[in-house]
Amino acid sequence: DTGVSQDPRHKITKRGQNVTFRCDPISEHNRLYWYRQTLGQGPEFLTYFQNEAQLEKSRLLSDRFSAERPKGSFSTLEIQRTEQGDSAMYLCASSLGAGTRLPYQETQYFGPGTRLLVL
Amino acid sequence: KQEVTQIPAALSVPEGENLVLNCSFTDSAIYNLQWFRQDPGKGLTSLLLIQSSQREQTSGRLNASLDKSSGRSTLYIAASQPGDSATYLCAVRGAGGTSYGKLTFGQGTILTVHP
């Protein structure tokens, strides 16, 4: 396994601009998660995919946020009209779930994150 | 709504000490609990995962226990080393309903081990 990769690692943008982040999960992992982490806090769940289906979205994911996983492999997270409050570390994780059964012995593997700064 | 709390928020110890990090959660309906390590500016590294039916897990100098009924977990680090310095996060995976896909994290314990 090459691990979960995220691109870019750092992004500085001006308020009002759109940004897009990419996550490549561990190959064959069918589940993919996005989290957001602000300074001094633990990560907060944003959304979750099983294969290409987006199964859960947090209330934190406002209308300006959209996530896709078109072929059940990599995923993108887009933020439109960025605000200073969007500045955070955006983390992606993947796991291997056993079909539709709820996995009780499932480890989520995290990528290095994308650090976003909105000026 | 599940809430996870970690105590202490920060801990500084001399090298060689044994130490305990605490994690508590409000909803005992969980599938599992994970302990992670996070180095500054980096992603998370999974240390231990305890299923809800288990009481503890061990990996090297790390031992994690789980008391689901009381909503508590502890991470025990034996013979601490400077390389153990990092933020330690615990996270629970909720059981059923709409929460089964996500982890709920505590705010972390910042550990510093000085030589």
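Throughout, protein chains are lettered first and strands after them, A, B, ... in sequence-line order, and every chain is numbered starting at 1.
In this structure, A:Tyr109 places its OH atom where only 12 or fewer heavy-atom neighbours from other residues, nucleotides or ligands lie under 6.0 Å away.
Residues B:Gln54 and B:Gln57 bring a donor and an acceptor atom of their side chains to less than 3.5 Å of each other.
Between chain A and the options B:Ala9, B:Ala91, B:Gly41, heavy-atom pairs under 4.5 Å are most frequent for B:Gly41. Looking only at heavy-atom pairs under 4.5 Å with chain B, the residue among A:Pro43, A:Cys92, A:Gly113, A:Ala93 that has the most is A:Pro43.
A distance of 10.0 Å separates CZ in A:Phe21 from CD in A:Glu78, rounded to the nearest 0.5 Å. If you take CD on B:Gln107 and OG1 on B:Thr5, they are separated by 6.0 Å, rounding to the nearest 0.5 Å.
Proximity to chain A is limited to the side chain of B:Leu89, based on heavy atoms less than 4.5 angstrom apart. Only the side chain of A:Gln37 comes within contact range of chain B, with at least one heavy atom under 4.5 Å from a heavy atom of that chain. With a threshold of 4.5 angstrom between heavy atoms, B:Gln38 approaches chain A through side-chain atoms but not through N, CA, C or O.
Ring planes of A:Tyr35 and B:Phe105: perpendicular class, angle over 60° (limits at 30 and 60°).
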